[in-house]
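Report on the structure given below.
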Amino acid sequence: MDDGEQVGKLPRGFCILPWINQHLATTGAISPCCEFEGEVANLSGSTLQEAWNSDALADIRKAFLEGRPLKACRKCFDREAHEGASLRLESNRHFSGWIERYGATETAPKPPRHPAAYDLRFSNLCNFKCRSCWHGSSSKWFSDGKAIGVTMADKAEINSFEDVDDFIEQVGEGLGDVEHIYFAGGEPLMMSEHYALLERLIGLGRTDVTLSYNSNMSVNAFRGQSIFDLWKQFANVHVIASVDATGALGAMVRKGFDWDTFAANILSLQQNCPHAKLQFGVTVSALNIVNLRELMEAIRREFRVSPGAIHLHSLQDPEFYRTQILPGTVKRQVSKELAAYLAALAEGPGPMEEGSGEHARMVRGIIDYMNGRDLSGQFEKFVRMTQRLDALRDEDSRALLPELAPYLGWSQKRFPRLLRKARRLLPGQV
Ligand code: SF4
């Protein structure tokens, strides 16, 4: 299946998720996926089943069948245009069984009675406060959020459901039909609801459900319950371990991160659950692209994984953290460094390794995304937020990002004329 092309009778740009997936945000918002901007309903005024059968979702499905791109899906189309990747393309590939079945039908595909997949965010509970995150996705962000004036509620922890029984009651018979559950957060491995749901699935004999995670892998147990002991009982487990840089830079970009703890938990996962599919999820932003090569090499060396285990994804929001905001000199330096990495991959034992081709495509996509747009007008915003968080967290990003240090020491507010002059003298570079 070529996921950029028409599949059977399905139009170009088709996305399978509105037919099979339900995304539940910590705010209670219900939508087809986590990239969709907006909601089709909210738990405050709708049940999951009502949302599944709602007119709002029917309209979204209709738009896809008529080949009408939705504004709410702009994140997917933006990444496809510049990076050649998106959640839409990945989901069409992942759920290819559904899409081929639908592509072969004569009439408009009908959604199943209940979602085949859930993307669950029980809460924003998290022990990290990554620089590009916010209070809506991390309880740990609450105090910094208050300091910069951006919070989602007047308390640190925000829950979508009262408890796991509330969720199970709403899913009802759907629990018998579900094929795939994706857990994110917050940090799902810290959430009691997540463990309770796994216990419930085991009790129902539903260990055939595929479990997927986006986890910071900083913990491997909850109240004495090892996550590995639970995962051993499920046939299909997929863990995307989030990591954005090694060492001190990793801890600055993702505050709370510790490489040694992460490495110990990954090695433990590899040992205890060899059946689990492990990938390393790297969100590529202005904060870590300069060190991306170092990170990719460290992952491959330390965890003895093939290049295919590294999943790269260009950060889109907030815009001022995008790689596209970087000065031209830094972009050129990064492009050269990543091209050298690709050359080494092609020359070394790498090409024969699993997933090398797809990995090389992702790295090229990351370079293309960065060079695809000039958002240097947002660089000043990036500098201001970096300085603000440095002060709040008592950190020094200049020491950890020497390539950006000349820009991080001053701001347009303080030196507006200097910046204007530099832009005049070095067009496209500052
Ligand atoms: S196209 Fe993208 S944003 Fe839209 S529903 Fe599909 S995955 Fe979600």
Side-chain angles (χ1 to χ4, degrees), residues 1-42 46 48 51-103 108-112 114-121 136-137 179-184 210 212 214 238 240 279 281 283 311-319 322 362 365 369 372:
M1 182 183 73
D2 180 343
D3 32 30
E5 299 298 325
Q6 193 173 345
V7 180
K9 299 189 177 302
L10 302 176
R12 262 184 94 94
F14 181 82
C15 177
I16 190 65
L17 291 187
W19 273 265
I20 59 165
N21 188 58
Q22 202 164 45
H23 165 70
L24 310 162
T26 50
T27 53
I30 307 170
S31 64
C33 74
C34 60
E35 300 282 49
F36 190 87
E37 293 182 334
E39 58 186 49
V40 296
N42 194 291
S46 167
L48 293 178
W52 188 242
N53 297 321
S54 66
D55 289 345
L57 189 54
D59 287 346
I60 292 168
R61 293 175 184 136
K62 190 162 176 267
F64 275 111
L65 286 178
E66 291 171 356
R68 276 189 287 122
L70 290 164
K71 253 194 186 157
C73 298
R74 76 164 179 103
K75 278 194 188 174
C76 276
F77 298 123
D78 170 59
R79 276 189 68 213
E80 285 170 29
H82 298 294
E83 193 181 319
S86 70
L87 180 62
R88 179 184 81 85
L89 295 176
E90 282 164 19
S91 303
N92 283 352
R93 231 180 346 251
H94 185 83
F95 295 106
S96 57
W98 282 93
I99 203 165
E100 278 158 19
R101 197 180 325 161
Y102 280 158
K110 292 219 169 6
H114 308 284
Y118 288 100
D119 167 357
L120 286 178
R121 322 277 159 133
S137 297
E179 295 176 9
H180 185 279
I181 302 179
Y182 172 66
F183 296 97
T210 296
S212 281
N214 202 305
H238 179 193
I240 300 179
Q279 282 190 296
T283 303
H311 185 273
L312 305 174
H313 174 277
S314 286
L315 177 142
Q316 291 172 289
D317 282 326
E319 273 197 359
R322 287 187 186 196
M362 275 190 195
Y369 189 82

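One-based numbering, in listed order, for ligands and for the atoms of each.
- Neither the backbone nor the side chain of F14 has a heavy atom within less than 4.0 Å of ligand 1.
- Looking at atom 2 (Fe) of ligand 1, its nearest protein heavy atom turns out to be C76 SG, 2.3 Å.
- Less than 4.0 angstrom separates some heavy atom of L17 from each of these atoms of ligand 1: 7 (S).
- Close approach of ligand 1 to F64 is summarised as follows: ligand atoms under 4.0 Å from at least one heavy atom of the residue are 1 (S), 4 (Fe).
- Without hydrogens or angle criteria, E83 side chain to H313 main chain gives no donor-acceptor distance under 3.5 Å.
- The shortest distance between side-chain heavy atoms of N42 and I30 does not fall below 4.5 Å.
- Not one N/O/S atom of C33, from backbone or side chain, sits under 2.8 Å from atom 6 (Fe) of ligand 1.
- Put simply, the side chain of T26 gets close to the backbone of G136: a donor and an acceptor are under 3.5 Å apart.
- Residue-level proximity to ligand 1 for C73 is carried by backbone and side chain together, each with a heavy atom below 4.0 angstrom.
- Ranking protein heavy atoms by distance to atom 6 (Fe) of ligand 1, first place goes to C15 SG, 2.3 Å.
- Contact of the T210 side chain with the I181 side chain is not registered, since no non-hydrogen atoms from C-beta on lie closer than 4.5 Å.
- Inter-residue side-chain proximity for Y369 and R322 is flagged as met; some heavy-atom pair is nearer than 4.5 Å.
- For ligand 1, the atoms closer than 4.0 angstrom to any heavy atom of F36 are 3 (S).
- Assignment of F77 to the shell around ligand 1 is not supported, since no heavy atom sits closer than 4.0 Å.
- Note: F14 and W19 have tilted aromatic rings, judged against thresholds of 30 and 60 degrees for the angle between ring planes.
- W98 and Y102 have tilted rings, their planes meeting at an angle from 30° to 60° on a 0 to 90° scale.
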